[in-house]
2 protein chains.
Amino acid sequence: MDETTNPDAAAAGGDPDERAQAGADRPLRRDAERNRQRILEGAAAAFAELGLDVTTDEIARRAGVGIGTFYRRFPTKELLIEALFEDRVGKLVELAEECLRAEDPWAGLVSFLDQATARQVADRGLKELVFSTAHGRARIAADRDRIGPLFMALVTRAQDAGALRADIAGTDLGLVQLMLISVADFTREEAPQAWRRFLTILLDGLRTSRDAPSALPLPPLDPAQIARAMECHRPHGR
Amino acid sequence: MDETTNPDAAAAGGDPDERAQAGADRPLRRDAERNRQRILEGAAAAFAELGLDVTTDEIARRAGVGIGTFYRRFPTKELLIEALFEDRVGKLVELAEECLRAEDPWAGLVSFLDQATARQVADRGLKELVFSTAHGRARIAADRDRIGPLFMALVTRAQDAGALRADIAGTDLGLVQLMLISVADFTREEAPQAWRRFLTILLDGLRTSRDAPSALPLPPLDPAQIARAMECHRPHGR
DNA sequence: GGGAAGCGGAGGTCATTACTCCGGTTGAGT
DNA sequence: ACTCAACCGGAGTAATGACCTCCGCTTCCC
């Protein structure tokens, strides 16, 4: 169980088959390895679309394998989540660091908000990992903790440049993303990009000053779209 | 069953007891009427706090009555929802009409956003009724449909006055509220008023122009508060 | 004081979800 | 080719939770 999910574990003990260490892959039978990949792919799609609460049956169904196979590869759903999102959250941290190095501090901040939100809109599971400590107790939690200081750095850098209003704190950045993701959750079916309208509006509110409003990147929803969004909107939950 | 929930029904049929029509109240035994009130009160609190998905058991528990009693008064949870929220949604419509009559169009718009959001933040059930057609098929749905045109009127009036940027549509108003409520849901335990920060920021983004940022009505959350909010945050659902 | 209306809550039913078990199958080494 | 351990699939289990019914006892009203 451990060796299928944690590549480092096998190397430690007295492994009878030394070739296992030489090759990068586990000594996993071909069909088993193929199914493992299928599960990873199916789970990634399922988590992105439905969130971390998808049933194991749904994941197995999407992967095209039996439930028994699923549980042999990942004894716990939690282990699968760790395996899948270990780097995804880390990538968000990297994005923040990268945007912190942008020449224009304001542009860096905007770029971060835009891309970080886009990723979480595209991946419900990622959003849930970022905004709740319910899952991901291991490495994911560590990455999550690295985000806070980076928020603060992005904010103060943009403030020092005189672009961002002075009364904003690092913690506001996360809440801004939360707001945008909520809009995206609501309008997903009708206008998946609608959240960008509100990012633009929010940014106009976050600037120290401006004359005219920035151009909105896409048209508003019409009432019929709102009505349809309300139809298939589960207040909270799937 | 009907006569306990629908006051009009009893008057129609050949009711043997004519006094039932004379008095405003149903010929309901005193303890029964008392329990009915308790259920209404308990349910109002439960819906406000936990949303429309609260279990009937929880409602009965808060009301201090048995489940049997609950079901005798309200054969269906849906009937209870109708009875409770019939006017609440209507009150939102009235609020919009009232704000439409404000001397200053911009102030009217701001006032509406502020109060409408505050009511939905204070009452999860109300928010769910407004943003989803899952519940409330009768009179509530009718009231919900009256809101759209009023949004449009509020917007165009503020735009004609030159205060609101021209590229906003009526439908944006609902989504702005949705964003603010999402923040409130997240920060509820730590800083119940935090959403007002973002209302101010959004309004600064919605103005046609401004020089300096408006003062934010309360301080930002600190990282520890965010962390605690993440702890007790159920990604979606209770 | 009598009887209808009402009370409470144990428990039935049904749906959902994480997870197990085992008879049959497949792949890898000889 | 042959063998057997590893693997596969999915019916089945156990736990949970939600809605709602039923019925023996209580309370009110006349």
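Each chain gets a letter, A, B and so on, in the order its sequence line appears, and its residues count up from 1.
Look at B:Thr69 and you won't find any side-chain N or O under 4.0 angstrom from OP1 or OP2 of C:dG6. OP1 or OP2 of C:dG6 has at least one side-chain nitrogen or oxygen of B:Arg73 nearer than 4.0 Å. The phosphate of D:dC7 (OP1 or OP2) has no side-chain N or O of A:Asn35 nearer than 4.0 angstrom.
For the pair B:Glu58 CD and D:dA18 P, the computed distance is 10 Å after rounding to whole Å. Atom CZ in B:Arg30 sits roughly 16 Å away from atom C1' in C:dC7 (whole-Å rounding). Atom OH of B:Tyr71 is separated from atom P of D:dC22 by 14 Å (rounded to the nearest Å). Atom CG in A:Leu28 sits about 18 Å away from atom P in D:dA5, given to the nearest Å. The interatomic distance linking B:Glu78 (CD) with D:dA18 (C1') rounds to 15 Å, in whole Å. Taking atom CG on B:Leu79 and atom P on D:dC20, their separation rounds to 10 Å, with Å as the unit. Atom CZ of B:Arg36 and atom P of C:dA5 are 18 Å apart (whole Å). Regarding A:Phe70, its CZ atom lies at a distance of 15 Å from the C1' atom of D:dC8, rounded to whole Å.
Distances from the side chain of B:Thr55 to the nucleotides C:dA18, D:dA18, D:dC7 place D:dA18 closest. When distances run from any side-chain atom of B:Thr56 to the nucleotides C:dA18, D:dC7, D:dC19, the shortest one goes to D:dC19. When distances run from any side-chain atom of A:Ile67 to the nucleotides C:dG8, C:dT20, D:dC7, the shortest one goes to C:dT20.
The shortest heavy-atom contact between A:Asp53 and A:Glu128 is N-OE1, 4.4 Å.
No more than 12 heavy atoms of other residues, nucleotides or ligands sit less than 6.0 Å from atom CE of A:Met152.
With sequence neighbours left out, the side chain to side chain contact (heavy atoms under 4.5 Å, CB included) criterion links B:Phe131 to A:Phe186, B:Gln120, B:Lys127, B:Gln177, B:Leu178, B:Ile181. By the side chain to side chain contact (heavy atoms under 4.5 Å, CB included) test, A:Arg228 is found to be paired with A:Glu190, A:Ala224, A:Gln225, residues two or more places apart in sequence or in another chain being considered. Remark: B:Thr171 pairs with no residue by the side-chain hydrogen bond (donor to acceptor under 3.5 Å, both in side chains) rule, at least two apart or across chains. With sequence neighbours excluded, the residues satisfying salt bridge (charged side-chain N to carboxylate O under 4.0 Å, His left out) with A:Arg88 are A:Asp123. For A:Phe151, the ring pair (Phe, Tyr, Trp, His ring centres under 6.0 Å) partners are A:Phe112, not counting sequence neighbours.
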Using the 3.5 Å cut-off, write out each protein N or O paired with an N or O of nucleotides 22-26 of chain C and the distance between them.
{"residue": "C:dT26", "atom": "O2", "partner": "A:Arg29", "partner atom": "NH1", "Å": "3.1"}
{"residue": "C:dT26", "atom": "O2", "partner": "A:Arg29", "partner atom": "NH2", "Å": "3.1"}

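Where A:Asp57 and A:Gly68 meet DNA chain C, the nucleotide closest to each residue was compared, and A:Asp57 sits on the side nearer the 5' end.
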